[in-house]
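So you know, we letter chains A, B, ... as the sequences are listed, proteins then strands, and number each from 1.
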Amino acid sequence: MRGWGNTLKLVVLLLVVWQLMAWFVGDVALRTPLQTVVFTAKLVATPVFWGHFAETAQAFGMALLLAVAIGLSLGFLLGLNRFASEVLEPLLVAVYSIPKITLYPILLLSFGLGIASKVAFGTIHGVIPITLFTLGAVRAVRPVFIKTGRVMGLGTGHMIATILLPAAMPEIFTGLRVGFSLTLIGTLLGEMFASQRGLGFLLMNAIGLHNVDLIMALTFLLVLFAGSASSLLLYLNRRLYERA
Amino acid sequence: MTMRATTAMPSVATAARAQVQVSLRAVDKEFNRTGRGGEAIHALGPIDLELRQGEFFAVVGPSGCGKSTLLELVAGLSTATRGEVAFEGRPIKGRIPDGVGVVFQEDASFPWLSVRDNIAFGLRRMKIDPRERERRIDSALAMMGLTAFAQSYPAQLSGGMRQRVCIARTLVTEPRLILLDEPFGALDQQTRLLMGDEVLNLWRKTGATVFLITHALDEAAMLADRIGVMSARPGRLIDIIETGWSRDRDSRIVQEEAFGAITARLWRSLRSESLKSIGKPEAGP
Ligand SMILES: Nc1ncnc2c1ncn2[C@@H]1O[C@H](COP(=O)(O)OP(=O)(O)OP(=O)(O)O)[C@@H](O)[C@H]1O
Ligand SMILES: [Mg+2]
């Protein structure tokens, strides 16, 4: 694989910059990479951390599941129905471009303080890109593929499963990749602003108490998780495109 | 396998007496323009045509005259605006009839499947014994010269090879009517002649009716029992030529005198129509 060399260089560069900044800014605001790793190791040895982690994982998992399920079904529905998509696509794009934080009060009022509103917040971040990418991908499937399926006597279900889905997969996967990151951000934001549990709450709390060690460790963990998950998804996505 | 003995239909004369498989009566096709209020485009017709069971029928005509439109009507992929299309005695009316295989003008190989899986795809809706399935796939691979590429993906093949994948995918279903829309458009002249031989072989072996659209007059003259010549849009049949070839012909007939006579007649019928289709009506005599 060609990509790894560059990834390594990037990681080393980031570490160097981080170290330099830590020296420059001082320990009022930053810790060095080594200090952060040491503190992170201590943090992940505490059961309290795992309690919050489980909470976030659960909320994120549910939000992602919902975003993917709703996004894929809505995307297919709209992609297969020209009229509906002509009406709804501009609306979705508009909703996509407003900062979702403005919807937060409404969500809080409807779902209350707790896991439901975190999940809802995660889902609304992720669901729109998944829908838009799926819709575009389904609509871009070459008509000759669909004709081929029709000549072979495929019904709607088979047509979707054996032709539309695989034909649209590379682009749908791009949507899932974007949706994954945005759902994570949404879930954490949800925890930061209205929750008593989860990593987002822990982070907000640490900021309030000016606990630099904890801020650094949590940020480090989140970046590590999001970074590796994205790289993995990007790698899979590239493999899908190689064939198309 | 519907292996009809080749001796059952040794010549065109016998084929003429054979049953009618496809019939088109006063068929017209119009397309609505996308902009509302625009008048419809008359793409095709009126067409009256009968295809006989087991014959090789070629269609030639100027670009945009409605050849692909005609093929989609016969395949049941679109519905005639007026008139009736029937397959084996039953009207089609936009329902896809069983026993029809189509190879489209565009590349329709699935990029997400290997060559072998592409070909197997044709059989997924058919309930056949796995051994028979493998046998059909292997023989289609061999016939189209793709055995060495069974595990490759379409992206790794040339355009002509991808078209052969599509032919093989249709072949394995053993259709009684094979519709081919310029399947060799992407091939060079020599390979085209050889692929023509393959199509003749397959036609002889399967006993299927072949309906071939082509823009190459020599291809039509070499392959077909009958050649339908279409006018510029809206496409109508302006001539039907019986070639009189024997059933066991091959590409060597291009050296024969009759071959020259047929291509010459095709060109006579087509010249003025082709001029029309590029917007230059015939000036002189
Ligand atoms: N879906 C469609 N909507 C509107 N017009 C169409 C549609 N399909 C075909 N046409 C028109 O019908 C006419 C015939 O098209 P068709 O594709 O059948 O031509 P063709 O003879 O196959 O051409 P070629 O030799 O270039 O493949 C063309 O003028 C085309 O613009
Ligand atoms: Mg065409």
Side-chain angles (χ1 to χ4, degrees), chain A residues 2 72 75-76 79-87 89 133-134 136-177 233-244, chain B residues 34 68-69 71-79 87 92 94-115 117-127 152-157 162-163 165-167 169-173 175 177-182:
Chain A
R2 292 156 271 128
L72 285 183
F76 266 94
L80 294 171
N81 185 332
R82 184 155 293 273
F83 176 72
S85 67
E86 268 168 23
V87 176
E89 194 180 357
F133 272 93
T134 306
V138 169
R139 223 166 23 189
V141 171
R142 293 177 44 215
V144 75
F145 289 162
I146 296 166
K147 286 182 196 168
T148 302
R150 287 180 59 201
V151 168
M152 287 171 184
L154 302 187
T156 315
H158 277 107
M159 187 76 92
I160 291 178
T162 61
I163 294 187
L164 289 174
L165 191 64
M169 203 55 210
E171 267 180 77
I172 290 179
F173 201 87
T174 306
L176 292 179
R177 199 160 52 79
L233 291 173
L234 191 63
Y235 167 72
L236 293 173
N237 210 174
R238 290 222 178 101
R239 296 227 352 211
L240 281 173
Y241 272 111
E242 267 164 29
R243 290 217 179 116
Chain B
T34 29
S68 299
T69 306
L71 176 133
E72 296 211 347
L73 286 171
V74 175
L77 287 167
S78 74
T79 319
F87 176 67
I92 287 177
R95 179 185 52 84
I96 314 274
D98 264 345
V100 179
V102 185
V103 177
F104 294 97
Q105 189 167 7
E106 293 166 76
D107 169 28
S109 60
F110 298 139
W112 61 91
L113 295 178
S114 70
V115 167
D117 292 341
N118 256 286
I119 297 172
F121 193 94
L123 294 172
R124 69 182 310 133
R125 291 254 307 143
M126 294 191 167
K127 288 186 185 64
S152 307
Y153 281 84
Q156 303 164 310
L157 306 180
R162 285 201 283 261
Q163 200 59 295
V165 172
C166 298
I167 298 178
R169 186 171 64 192
T170 298
L171 271 188
V172 288
T173 65
L177 171 65
I178 304 175
L179 308 173
L180 301 167
D181 196 348
E182 303 199 17

So how far is it from B/Arg124 CZ to A/Met152 CE, rounded to the nearest 0.5 Å?
10.0 Å

Using side-chain contact (heavy atoms from CB on, under 4.5 Å), reason through B/Trp112 and A/Met169 one step at a time and then give a plain yes or no.
CA-CA 9 Å; B/Trp112 61 91; A/Met169 203 55 210; over 6 Å; no

How many angstroms lie between NZ in A/Lys147 and CD in B/Glu106, if you round to the nearest 0.5 Å?
6.5 Å

Using only atom types and a distance under 3.5 Å, with no angle test, would you say the side chain of A/Arg142 pairs donor to acceptor with the backbone of B/Asp107?
yes

So what's closer than 4.5 Å to chain A heavy atoms on B/Val100: side chain, backbone, both or neither?
backbone

Determine the minimum heavy-atom distance between A/Phe145 and B/Ser109, stating which atoms define it.
CE2-O, 3.4 Å

Report the distance from atom OG1 of A/Thr148 to atom CG of B/Leu77, rounding to the nearest 0.5 Å.
9.0 Å

Chain A contact via B/Gln156 - side chain, backbone, both or neither, heavy atoms under 4.5 Å:
neither

Contact part of B/Thr173 toward chain A, heavy-atom cut-off under 4.5 Å: side chain, backbone, both or neither?
neither

Separation between CD1 of A/Ile163 and CZ of B/Phe110, rounded to the nearest 0.5 Å:
4.0 Å

